[in-house]
Amino acid sequence: MSDLMEQIHPSDDKNIEIRKKASQLKTYRPKSCKNCHAKFFGSNPKKICNSHSIPRFILRGVGVNLNNINAFVHIPWESSKTGVNSAGTFSLLCTDCDGKLFKEYENPSLYNENFLKECDRQQVMNEIAMKNYLFSMYFHLNEKSKYESLLSKLERDNDTGKGSIVYGIKREEAEIIDAKSSFARTKKYSLSHKIIYIIYFTFMFLIMNSLLHFRIK
């Protein structure tokens, strides 16, 4: 695709026009948290979290401005750089849920020489998977909103070329359903794994404690 994009050379004015039209398309704004379902608007609203699919402390170690996918695709009217604050972000959770769901993965103190010995690696992998599914969900919700915005414009202009837009909406809806079910399945597994992990170490603690008392006696 990058080879194809390199053959397209729109003028600067055309690039500005395309960016302007793209910015007019509506993006997705969640009404409630995708985890606890608390409302983001109205009375006693929860605060929306600007979540990172990769922890911010890791991104900061890479650099301030990061190459995005357009650094490889080369779409002329798109930027090839993304700042740390907006790199791989999604806005679907409240701040409370973001702090609870990714407690292991986003704990900088875990990433040391004892990581492989002391860390619950399965839980970290579960949390990475949940973040990836949420990021995917947010991406496709945004794409769907843009398609719907474009469809509304075409309908206002009585444009007949709506078939590809309707297909795009249906495709995004299928991706959203898949991401939602994958997130729910992973979250369920993550919670059950935590319970098993706690029970296991509680059981081991009780055994060791009993053996210790037995030896003392």
Side-chain angles (χ1 to χ4, degrees), residues 28 30 32-38 40 46-63 66-69 72 82-144 172-215:
Y28 177 76
S32 60
C33 175
K34 294 297 180 185
N35 183 56
C36 70
H37 308 294
F40 290 139
K46 287 272 191 169
K47 186 178 178 182
I48 302 176
C49 183
N50 186 41
S51 307
H52 283 74
S53 52
I54 298 174
R56 191 178 300 185
F57 70 86
I58 294 176
L59 292 174
R60 283 175 179 163
V62 177
L66 310 174
N67 286 333
N68 57 31
I69 192 171
F72 308 96
T82 303
V84 169
N85 289 336
S86 55
T89 57
F90 57 89
S91 301
L92 294 176
L93 302 176
C94 66
T95 52
D96 290 341
C97 286
D98 184 79
K100 292 174 185 175
L101 286 176
F102 313 116
K103 191 180 294 183
E104 301 292 326
Y105 179 40
E106 296 202 330
N107 182 1
S109 65
L110 284 179
Y111 299 91
N112 53 42
E113 64 276 8
N114 297 319
F115 177 79
L116 295 177
K117 296 179 181 177
E118 298 177 359
C119 180
D120 182 0
R121 285 171 284 168
Q122 183 59 61
Q123 183 58 29
V124 172
M125 293 301 293
N126 293 342
E127 292 176 10
I128 290 173
M130 284 193 288
K131 280 220 169 197
N132 287 338
Y133 290 133
L134 285 167
F135 178 74
S136 176
M137 190 192 309
Y138 186 66
F139 173 81
H140 292 294
L141 284 165
N142 256 323
E143 292 300 297
K144 183 189 173 203
E172 298 305 327
E173 286 175 343
E175 295 285 358
I176 292 164
I177 290 170
D178 181 64
K180 282 182 177 178
S181 62
S182 297
F183 169 69
R185 183 175 63 251
T186 309
K187 185 177 76 168
K188 184 178 179 181
Y189 179 79
S190 179
L191 291 172
S192 63
H193 174 76
K194 275 185 178 179
I195 293 169
I196 292 169
Y197 196 71
I198 291 168
I199 291 172
Y200 171 77
F201 278 99
T202 303
F203 180 67
M204 291 301 294
F205 172 78
L206 291 173
I207 289 176
M208 295 301 292
N209 197 40
S210 299
L211 288 173
L212 182 62
H213 281 293
F214 179 76
R215 287 182 178 179

*Asks:* Identify the two heavy atoms, one from K34 and one from H37, that lie closest to each other, and give their separation to 0.1 Å.
*Replies:* O-CE1, 4.1 Å

*Asks:* What is the minimum heavy-atom distance between S91 and P30, and which atoms define it?
*Replies:* O-CG, 3.0 Å

*Asks:* Just list the side-chain donor-acceptor pairs under 3.5 Å for residues 129-138, sequence neighbours left out, or say none.
*Replies:*
| residue | atom | partner | partner atom | Å |
| --- | --- | --- | --- | --- |
| K131 | NZ | H52 | O | 2.3 |
| K131 | NZ | E106 | OE2 | 2.3 |
| N132 | ND2 | I128 | O | 3.4 |

*Asks:* First locate atom CZ of F102, then atom SG of C97, and finally report the distance between them rounded to the nearest 0.5 Å.
*Replies:* 9.0 Å

*Asks:* Over all heavy atoms of both residues, which pair between I54 and Y105 is shortest? Give the atoms and the distance, please.
*Replies:* CA-OH, 3.9 Å

*Asks:* Output, in order, the C-alpha distance, side-chain angles, deciding distance and verdict of side-chain contact (heavy atoms from CB on, under 4.5 Å) for N35 and K187.
*Replies:* CA-CA 9 Å; N35 183 56; K187 185 177 76 168; 2.8 Å; yes

*Asks:* Going by the rule side-chain hydrogen bond (donor to acceptor under 3.5 Å, both in side chains), which residues pair with N107 if we only count those two or more places apart in sequence or in a different chain?
*Replies:* S109

*Asks:* Find the distance between CD1 (I176) and CD (E143) and round it off to the nearest 0.5 Å.
*Replies:* 10.0 Å

*Asks:* Rounded to the nearest 0.5 Å, how far apart are CG of D96 and CG of L101?
*Replies:* 10.5 Å

*Asks:* With a 4.5 Å limit on heavy-atom distance, are the side chains of E127 and Q123 in contact?
*Replies:* yes

*Asks:* Got a second to check how far D98's CG is from L93's CG, nearest 0.5 Å?
*Replies:* 6.0 Å

*Asks:* Answer whether the closest heavy-atom distance between the side chains of Y28 and L92 falls below 4.5 Å.
*Replies:* yes

